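Taking it in order: structure first as structure tokens, then the write-up.
Keep in mind that this is a model prediction, so the values were computed, not measured.
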Amino acid sequence: MCPYRLVLEHVTSRWGVLVLIQLLDRPHRFSELRRAIGRVSEKMLTQTLQTLERDGLVHRDAKPVIPPRVDYSLTGLGREAAEQVRALAEWTQERMAAVQQARERYDAARASVS
């Protein structure tokens, strides 16, 4: 797979999109990020954060305190990607009624052929 397609897959994955959008507002600790996103397993969130960190989009800041504190934030590159993803998410939300109408027309046309 081409390298840019792999990064595109990471950025637009189900959890990648949600992580990037959530981190746009401010850094988050793992547990608050998981609560904010909802319905993501600890394992999947860990994998998503590691992938985005490897791609240079997310920064992991582990502080040597007890109990351990780890904050996740966007890098400059990550902020650019997150803003693009958020624009697409906003467009989707704004156009959902039109999408639903198109689906209904499609389903009705398919049902009449059967």
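- When side chains are defined from C-beta on, Arg54 does not count as touching Gln50, because their heavy atoms never get closer than 4.5 Å.
- Between His10 and Leu52, the shortest heavy-atom distance links the atoms O-CD2, 4.1 Å.
- Here CG of Asp55 is found 10.5 Å from CD of Glu9. Values are rounded to the nearest 0.5 Å.
- The hydrophobic cluster containing Val99, built from Ile/Leu/Val/Met/Phe/Trp/Tyr side-chain heavy atoms closer than 4.5 Å, also comprises Met96.
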Query raised in the report: So Lys63 and Asp71, salt bridge (charged side-chain N to carboxylate O under 4.0 Å, His left out) or not? Walk me through it.
Result: CA-CA 8 Å; Lys63 296 186 179 14; Asp71 292 309; 3.6 Å; yes

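- The distance from atom CG of Asp107 to atom OG of Ser112, rounded to the nearest 0.5 Å, is 11.0 Å.
- At least one side-chain heavy atom of Gln47 sits under 4.5 Å from a side-chain heavy atom of Lys43.
- When all heavy atoms of Ser13 and Gly16 are compared, the closest pair comes out as OG-N, 2.9 Å.
- Between Leu57 and Val11, some side-chain heavy-atom pair lies under the 4.5 Å cut-off.
- Rounding to the nearest 0.5 angstrom, the gap separating the CZ atom in Arg86 from the CZ atom in Arg79 is 8.0 Å.
- The shortest side-chain heavy-atom distance between Val85 and Ile21 falls under the 4.5 Å cut-off.
- Separation of atoms SG (Cys2) and CG (Leu8) is listed at 11.0 Å; rounding is to 0.5 Å.
- Between the side chain of Thr48 and the main chain of Trp15, no donor-acceptor pair closer than 3.5 Å is present.
- For Arg34 (side chain) and Val40 (main-chain N/O), a donor-acceptor pair under 3.5 Å exists by modelled atom type.
- In this structure, the separation between OG1 on Thr92 and CD on Glu94 is 9.0 Å, given to the nearest 0.5 Å.
- With a 4.5 Å cut-off on side-chain heavy atoms, Glu53 and His59 do not count as touching.
- Looking at heavy atoms from C-beta onward, Leu88 lies out of side-chain contact with Gln84 at the 4.5 angstrom threshold.
- Taking every heavy atom of both residues into account, Leu74 and Ala82 meet most closely at CD1-CB, 3.7 Å.
- Within the structure, the salt bridge (charged side-chain N to carboxylate O under 4.0 Å, His left out) test picks out the following pairs touching residues 21-33 (sequence neighbours left out): Arg26-Glu32.
- At least one side-chain heavy atom of Arg60 sits under 4.5 Å from a side-chain heavy atom of Tyr72.
- Within the 4.5 Å cutoff, the side chain of Leu49 has heavy atoms near those of the Phe30 side chain.
- Around the CD atom of Glu104, the shell of radius 6.0 Å holds more than 12 heavy atoms that belong to other residues, nucleotides or ligands.
- From Arg35, atom CZ reaches atom CD of Gln22 across 11.0 Å, with rounding to the nearest 0.5 Å.
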